[in-house]
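Here's the structure, in structure tokens; my notes come after.
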Amino acid sequence: MPELPEVEVVRRGLDAHVSGRVISAVEVLHPRAIRRHLPGAADFSARLSGQTMLAARRRGKYLWVDLDGPGTTDGEAMLAHLGMSGQMLVQPADAPDEKHLRVRITFADQGSELRFVDQRTFGGLALSDIVEVDGTRLPEPVAHIARDPMDPRFDPEAAVKALRSKRTEIKRALLDQTLVSGVGNIYADESLWRAKLHGLRRADKLTKVKAAELLTHATAVMNEALGQGGTSFDALYVNVNGQSGYFDRSLSAYGQEHKPCTRCGTVIVREPFMNRSSFSCPTCQPKPR
DNA sequence: CACTGGTCCTGGTGGC
DNA sequence: TGCCACCAGGACCAGT
């Protein structure tokens, strides 16, 4: 399940392996893989062909590659969201097609191919115009996404203020990509465990200090995951070269149901949350009444 | 307007 | 062994 650290690993891989290369052809094998691109898959393929891939960029869990093509005033980018199971693979042209290969991009240099593989098709690609928001160039569909904690211009005080402006539960606020981006279910549970907060606590009732502490933990846990190549739970997530991350061995709360809390020994519990699950320690993270 | 909760999708798993 | 319900979950969007 790619979250910010995993997407950053993929970004680095793309930057290393596809930047500067001229696209020769784009083959869309599953129309659903082209998202937010109203003119459709054929238009996506036609307009991408001939363009050169420039720098690979990221905000939160969104990933994009700047393009040199004509585009509009501010240019265009190939935007990607990996969803739950998306992978960007750089493969030799003669490698057999993956079972869930959705898009194949070939280059004029006739070297390796860039493949978008996605089992559950929650992810997708798009060709998007670039717009400028708060001094940063972003693909139009990313314009509403807040800066993530890895962003050099991330403003912790503004993020605390945004979180505390919500009358909803803190976990839901933490997952809201318009407040702080890059935090998904796994790192939300991990940072709540570190901050000793139950996810059902009201966001607007947290003190500034506690909210800031939570953000600091979120940043730290994602940095640690990045240092280890991202979290991985199964073969679904692999980085741009097909290698899995190993951070899952370091998780303290997420997926740890029935295991003792490493801090106090109480058994970690799983609770339903928004049609998914939350994991927490009942002792360290008491539920609000 | 702010907030809530349903929905999309597929493959692996576990119960019967 | 076969069938089926359930689960994973990010982001969008209709409904309250």
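In what follows, chains carry the letters A, B, and so on, assigned in the order in which the sequence lines appear, proteins first and then strands, with residues in each chain numbered from 1. From a predicted model like this one, the values you see are computed outputs, not experimental measurements.
- Side-chain proximity of A:Glu3 to B:dG11, B:dC3, C:dG10: nearest is C:dG10.
- The distance from atom CG of A:Leu175 to atom P of B:dG5 is 15 Å, rounded to the nearest whole Å.
- The side chain of A:Ser277 lies closest to C:dA8, out of C:dG10, B:dT10, C:dA8.
- Between A:His100 and B:dG11 there is a side-chain N or O to OP1 or OP2 distance below 4.0 Å.
- When the C1' atom of C:dA8 is taken as reference, atom CE of A:Met84 falls 4 Å away, rounded to whole Å.
- Both A:Arg276 and A:Ser165 lie near DNA chain B, and the one whose nearest nucleotide falls closer to the 5' end is A:Ser165.
- A donor-acceptor pair under 3.5 Å is formed between the side chain of A:Gln285 and the backbone N or O of A:Cys281.
- Note on A:Gln177: a side-chain N or O is less than 4.0 Å away from OP1 or OP2 of C:dA11.
- In this structure, the side chain of A:Asp189 engages the main chain of A:Phe279 through a donor-acceptor pair within 3.5 Å.
- Of the charged side-chain nitrogens involved, at least one lies within less than 4.0 Å of a carboxylate oxygen, so that A:Glu113 and A:Arg115 count as a salt-bridged pair.
- The residue A:His30 sits apart from the nucleic acid: no heavy atom pair falls under 4.0 Å.
- Comparing A:Lys166 and A:Asn275 along DNA chain B, the residue whose closest nucleotide (by nearest heavy atom) sits nearer the 5' end is A:Lys166.
- In this structure, A:Asp148 places its CG atom 15 Å from P of C:dG10, rounding to the nearest Å.
- Distance from the side chain of A:Lys99 is smallest to B:dG11 among B:dC8, C:dG10, B:dG11.
- Here the closest non-hydrogen pair linking A:Ser19 and A:Ala55 is OG-CA, 3.9 Å.
- With rounding to whole Å, A:Phe122 atom CZ is found 14 Å from C:dC13 atom P.
- Residue A:Arg270 is classed as a sugar-phosphate contact, given heavy-atom separations below 4.0 Å to backbone atoms only.
- Here C:dA11 is the nucleotide among C:dA8, C:dA11, B:dA2 with the atom lying nearest to any side-chain atom of A:His81.
- Here the side chain of A:Arg32 is nearest to one of B:dG5, C:dG10, B:dC8, namely B:dC8.
- B:dT10 atom C1' lies 10 Å from atom CG of A:Asp118, rounded to whole Å.
- Distance A:Leu125 CG to C:dG10 C1': 16 Å, rounded to the nearest Å.
- Using a 4.0 Å heavy-atom cutoff across all strands shown, A:Arg172 reaches at least one base atom of the nucleic acid.
- Put simply, the residue from A:Met222, A:Lys61, A:Arg59 that forms a side chain to side chain contact (heavy atoms under 4.5 Å, CB included) with A:Asp148 is A:Arg59.
- Per the geometry, CD1 belonging to A:Ile34 stands 21 Å off P belonging to B:dC8, to the nearest Å.
- A donor-acceptor pair under 3.5 Å is formed between the side chain of A:Glu190 and the backbone N or O of A:Ala253.
- The CG-P distance, from A:Leu82 to C:dA11, rounds to 10 Å in whole Å.
- Using a 4.0 Å heavy-atom distance criterion, A:Phe273 is classed as making no nucleic acid contact.
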